[in-house]
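Each ligand, and each atom within it, is numbered from 1 in the order the structure gives. These numbers come from a predicted model, not from an experiment.
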Amino acid sequence: MSSQLHQHATTRRRDPDATGKFLGSAPTLLGAQGLFKSYRKGNHVVPVLKGVDFDVRSGEFVAIVGQSGSGKSTLLHLLGTLDAPDQGEVRFEGNRIDHLRSTSRELLRNRDFGMIFQFYHLLPELSTLENVLAPLMISQRVWQYVWAWRRNREQATRLLKLVGLGHRLTHRPRELSGGEMQRAAIARALISSPKVLLADEPTGNLDQETGQEILEILRTLNRQEGLTIVMVTHDNAIAAQADRIVRLVEGRVVQL
Ligand code: ADP
Ligand code: MG
């Protein structure tokens, strides 16, 4: 698989600087300023985020760690416009995205954001290939989809080969292992060539070895394709492999 990744990467690789990375002058791609978020539980208001400041540069691989219940998923959802903050701003490529209307948010998510989760959320009745194509079926108009059908299929197949699933194109999710389902979910997240991948505990449901394989795919996508990644994890060994780790403590981000 690594040779396929490598082969693919040579077409889009960017020149790293002397440190092997190219982040020094890279612009902020995604950022949050002064984020507050509370949830209401009955009569109680439970504050979760209490003034989060957080920036991700283009090309960076950042891990967000913190205890269970510390607000990691909440923060990732706000960054990905799946939910809106009570206060504060989220910016993508310099533009505010936290107060966009739902259609604009959906467009942004389809075009620029890829997301993966602890549970893979594959559609059980679709094949692996069809699952990867599903976001395009939703985001493209029918005529566009039909017109681009061959190219879409080629792109989905290429991505599945890239994550090492070239031999599982027609399998249904129930015929795949957990690691294979996460690989399919990664390919699906990449089908629209997103600028950032948001990953919520992507190894959380996998054994250590399989989790490490998934991490290596993410690492390679980041290094060789320049994909910006924000990954939430409670696993310190997984987090340690990112470029940078931030910790959520008492509703705020602490740089490690
Ligand atoms: P983490 O991902 O770090 O485990 P979460 O962001 O999922 O933490 O949750 C942070 C806190 O917010 C938890 O106490 C959780 O119970 C609460 N919470 C999360 N989502 C909701 C929701 N939709 N409604 C009410 N409470 C929520
Ligand atoms: Mg969580």
Colleague: For ligand 1, which atoms sit closer than 4.0 Å to a heavy atom of Gln67?
Modeller: 3 (O)
Colleague: Between Arg247 and Leu256, is there a donor-acceptor pair closer than 3.5 Å when you use the side chain of the first and the backbone of the second?
Modeller: no
Colleague: Can you tell me how far the CZ atom of Phe113 sits from the CG atom of Leu79, to the nearest 0.5 Å?
Modeller: 8.0 Å
Colleague: What is the nearest protein non-hydrogen atom to atom 6 (O) of ligand 1, stated with its residue, atom name and distance?
Modeller: Thr74 OG1, 2.5 Å
Colleague: Can you tell me how far apart CZ (Arg188) and CE (Met115) are? Round to the nearest 0.5 Å.
Modeller: 11.5 Å
Colleague: Is any protein N, O or S atom closer than 2.8 Å to the Mg ion (ligand 2), and if so, which?
Modeller: Ser73 OG
Colleague: For atom 19 (C) of ligand 1, find the nearest protein heavy atom and state the residue, atom name and distance (0.1 Å precision).
Modeller: Tyr39 CE1, 3.3 Å
Colleague: Does the distance from a Lys or Arg side-chain N to an Asp or Glu carboxylate O, for Asp86 and Lys50, drop under 4.0 Å?
Modeller: no
Colleague: Does the distance from a Lys or Arg side-chain N to an Asp or Glu carboxylate O, for Glu213 and Arg183, drop under 4.0 Å?
Modeller: yes
Colleague: Is a side-chain N or O of Thr203 found less than 3.5 angstrom from the main chain of Leu206, in a donor-acceptor match?
Modeller: no
Colleague: State whether the number of non-hydrogen atoms from other residues, nucleotides or ligands found under 6.0 Å of Arg252 atom CZ is greater than 12.
Modeller: no
Colleague: Which of the numbered atoms in ligand 1 are below 4.0 angstrom from a heavy atom of Ser68?
Modeller: 4 (O)
Colleague: Spell out, as yes or no, whether a donor-acceptor pair under 3.5 Å connects the side chain of Gln241 to the backbone of Ala237.
Modeller: yes
Colleague: Inspect the contact between Asp98 and Arg96 and indicate whether a charged nitrogen and a carboxylate oxygen are less than 4.0 angstrom apart.
Modeller: yes
Colleague: Please identify which atoms of ligand 1 are closer than 4.0 Å to at least one heavy atom of Val48.
Modeller: 10 (C), 11 (C), 12 (O)
Colleague: Atoms of ligand 1 less than 4.0 Å from Gly71 heavy atoms?
Modeller: 1 (P), 3 (O), 5 (P), 6 (O), 8 (O), 10 (C)
Colleague: Could you find the nearest protein heavy atom to atom 15 (C) of ligand 1 and give me its residue, atom name and distance?
Modeller: Lys41 NZ, 4.4 Å
Colleague: Taking atom types as modelled, find out whether Glu216 and Gln212 have a side-chain donor-acceptor pair closer than 3.5 angstrom.
Modeller: yes
Colleague: Check step by step if side-chain hydrogen bond (donor to acceptor under 3.5 Å, both in side chains) holds for Ser73 and Asp200.
Modeller: CA-CA 7 Å; Ser73 296; Asp200 194 352; 2.7 Å; yes
Colleague: Can you check which of Gln118, Lys72, Glu201 brings a heavy atom nearest to atom 3 (O) of ligand 1?
Modeller: Lys72
Colleague: Tell me which protein heavy atom sits closest to atom 7 (O) of ligand 1, plus the residue, atom name and distance to 0.1 Å.
Modeller: Ser73 CB, 3.7 Å
Colleague: So which of Gly66, Gly69, Pro47 gets nearest to atom 1 (P) of ligand 1, if we judge by its closest heavy atom?
Modeller: Gly69
